[in-house]
Amino acid sequence: MVSTAAAPTGNLLIRNAAAVMTGRAGDAARAGAADIRVQAGRIAEIGPALPRHEGEDVLDATGCVIYPGWVNTHHHLFQNLLKAVPGGMNADLQQWLAAVPYPRLARFTPDIFRTAVRLGMAELLLSGTTTCADHHYLYHHGHGAETGDVLFQVAEELGMRLVLCRGGAIQSAADHPGMAATALVPETLDEMLADIERLKARYHDASADGLRRVVVAPTTPTFSLPPVLLRELSAFGRGMDLRLHSHLSETDNYVRFCREKYQCTPVQFVADHDWLGPDVWFAHLVTVTPEEIRMLAVTNTGMAHCPVSNARLGSGIAPVRKMADAGVPISLGVDGVASNESGSMVHEANFAWLVHRAAGGAAQTRVEEVVHWGTAGGARVLGLPGIGTLAPGQSADLAIYDVSGLRFHGFHDIATAPVAAGEPTPVRHVFVRGRQVVRDGEVVGLDLGRLREDAQRALAALLD
Ligand SMILES: [Zn+2]
């Protein structure tokens, strides 16, 4: 029986978990059947049979396993109202962009956007995800600045840690057939830079477990702006100590475009424009050469691996085993759910564990390593060393899964259950820096009835 202690003091003792995964690599990946003490939002102690201190609330985690909160390093939250759009169900990336998100961008009012963000963050929390990097690109000439504020407002409301990867394009995206149909005008470079400066001043918290971060993230380096401005943008971001993020090498077509237009591979292209380094991570990297993997590794440039979206769009399977072995920092992302249909990091981790085995054999992935990619790996690429692992001093970002149900009765190694069994692995409780954001399987403070009504109304505005 799991109690519903709300930890009003911020001091909490979590007892009787069947197993704890730490998010760390190698032999440190497991803490066994340990208790966890939380003080003032941080983990104070992990160990067997910890005694209760005076004034501590106690949460009984009998029948549960505890993971670090997942760190989702690539998402597009607005797409939570664009799942399974018929015109994109059998489309590749280029066809899908033209059929699904681009024609609907102009229909995203701030209210509709807020509803999509609520849906997306709630879905993430209910899979045990505590940090979300949202690659947000609904910016056009004279429009969009308020959407960045909406993201931070909903994150505060639901208690999620948010990294706003401020995207957008200042040219040429309008040439895309889907985008041209919208008549939207790309913003100017000055608009983009001014908004990034505003967001940084208002929200950015550089601390090791900061709840609010801002990242410089043009939608696609090879399409979204002239190459000369790409270098200017990286200098601008680094001058403000902001990290850099974008999409790269998602499909063969993407690589072909780069080779034809710039006579080089995409990784060489971004290297030539100061877009590699330990403060940069790219989503996808499905099609990369051994030389590109070497360049990413020696510069410690990270990747957000999005295997479900890559499979859904038929883009391929990123060579993550080779990249990890070469030393490329690996993290996991669900990507926008218009090309996933599930915003669950449990589903993403389960698929990551499986798909590389299907393609390359059973030695390709281990459960502990997939957990590491989805937690500590995410913390590393986002530059948040205070999250992603369960150890004394770390932020108390905890996903507590209820594995007492019948589908888990036969497990010999219950610690593996969320990754090996995938969805449904019910979340019982979730904490972000010690704040309880999911209690007994429900998102704290979320009015489900109202959200359903808002979603139905928003969907009606987005349906063809
Ligand atoms: Zn994406």
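All residue numbers refer to positions in the sequence shown, counting from 1. The figures that follow rest on heavy atoms only: side chains count, while hydrogens, waters and symmetry mates do not. Both ligands and their constituent atoms are indexed starting at 1 by order of listing.
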Report the atom name of the nearest N/O/S atom of Asp335 relative to the Zn ion (ligand 1). OD1
At the Zn ion (ligand 1), what's the angle from His74 NE2 to His76 NE2, rounded to 10 degrees? 100°
Aromatic rings His135 and Tyr137: how do their planes relate, parallel, tilted or perpendicular, breaks at 30° and 60°? perpendicular
Using side-chain heavy atoms (C-beta onward) and a distance below 4.5 Å, is Phe269 in contact with His273? yes
One thing to verify: whether Asp272 and Arg231 come together as a salt bridge, which I'm taking to mean a side-chain N less than 4.0 angstrom from a carboxylate O. no
Less than 6.0 angstrom from the centroid, inside 45 degrees of the normal: does Arg166 satisfy that with respect to the ring of Tyr139? yes
With a cut-off of 2.8 Å, does His247 place any N/O/S atom under that distance from the Zn ion (ligand 1)? yes
